[in-house]
Amino acid sequence: MSRNVFPVAELENYLNELLCEDHLNTQPLFLCRADGVVLYKNKPFEKMQEHSVGALISGVWQAAKALIQYVPSGQQNEIFRLSFDTSSRGLYILPVQVPAFKEELYFGLIYGDELNPGFLKSKIREFLYKLREFCATGLSNAAAPSRDIREEFLFKDISDDEMDKLFTFAGN
């Protein structure tokens with residue numbers, strides 16, 4: 001019995017081409033699931049392992065999403081984005097829906113020494129629009145991915161002390 005599998009390689013190839021085309025391949029970019037599993041990264045992030053980055057990106061997004069529920073509702077079709085930055089470095093997270101995935105994915109950009117972060121964020125939003133179009137047309141016939149594709153344990157038998165150490169890298 002043959003099994004259709006989500007074309008992760010096709011998506012990776014498209015992302016790599018699009019990032020080069022839009023000149024967005026200079027900063028670390030991550031696409032991760034809600035559980036923190038990294039589905040795509042354009043380059044290694046020297047500061048920490050990709051698993052930690054994925055867990056932190058999805059965790060920050062989910063925490064912000066929980067907090068925003070305490071704010072009076074706005075328009076129904078608002079698309080949230082999360083930005084934590086200074087004038088030259090920061091973190092930018094956007095949600096992205098890939099039809100073949102049942103869950104929301106998060107696209108995270110970690111940038112430093114950027115002369116024009118506003119322009120970079122604008123290019124990222126354009127990039128995600130193109131990605132959504134590609135996923136709607138190019139991947140629309142793909143089967144939903146099984147949970148074992150690119151599945152890895154983020155943490156295995158981790159103690160509270162180890163967890164504290166993991167999240168103290170940023171300081172207080």
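We're numbering straight along the sequence, starting at 1.
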Requested in this report: For Tyr92, check side-chain hydrogen bond (donor to acceptor under 3.5 Å, both in side chains) against everything at least two apart and list the hits.
Outcome: Arg125
Query raised in the report: More than 12 heavy atoms of other residues, nucleotides or ligands under 6.0 Å from CG of Leu67: is that the case?
Result: yes
4.5 Å side-chain heavy-atom contact, [X] and [Y]:
{"X": "Ile93", "Y": "Phe84", "answer": "no"}
{"X": "Glu12", "Y": "Leu15", "answer": "no"}
{"X": "Lys41", "Y": "Val53", "answer": "no"}

**Report entry** Of Ile110, Leu39, Leu56, the residue whose pairing with Phe30 passes side chain to side chain contact (heavy atoms under 4.5 Å, CB included)
**Finding:** Ile110
Distance in Å, [X] [atom1] paired with [Y] [atom2], rounded so as to fall on 0.5 Å steps:
{"X": "Leu115", "Y": "Ser88", "atom1": "CG", "atom2": "OG", "result": "8.5 Å"}
{"X": "Glu114", "Y": "Lys121", "atom1": "CD", "atom2": "NZ", "result": "10.5 Å"}
{"X": "Ile124", "Y": "Leu109", "atom1": "CD1", "atom2": "CG", "result": "5.0 Å"}
{"X": "Ile57", "Y": "Leu105", "atom1": "CD1", "atom2": "CG", "result": "12.0 Å"}

Requested in this report: Please check if the side chain of Ser58 supplies one atom and the backbone of Gly54 the other of a donor-acceptor pair under 3.5 Å.
Outcome: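 Side chain of Ser58 to backbone of Gly54: a pair is present.
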Report task. Not counting sequence neighbours, which residues clear side chain to side chain contact (heavy atoms under 4.5 Å, CB included) with Glu104? List them please. Result -> Trp61, Lys65, Pro95, Gln97, Tyr106
Report task. Looking only at non-hydrogen atoms, find the nearest pair between Pro117 and Ser87 and report the distance. Result ->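 Here Pro117 and Ser87 meet closest at CG-O, 3.1 Å.
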Report summary line: Closest heavy-atom pair, Tyr111 versus Leu91, reported as atoms and distance to 0.1 Å, is CE2-N, 4.0 Å
Report task. Among Phe127, Tyr40, Tyr129, find the one that has a ring-ring contact (aromatic ring centres under 6.0 Å, His included) with Phe107. Result -> Phe127
Report task. Would you kindly confirm whether Val71 and Leu82 end up in one hydrophobic cluster when ILVMFWY residues are joined by side chain heavy atoms under 4.5 Å apart? Result ->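 Per the 4.5 Å side-chain linkage, Val71 and Leu82 are co-clustered.
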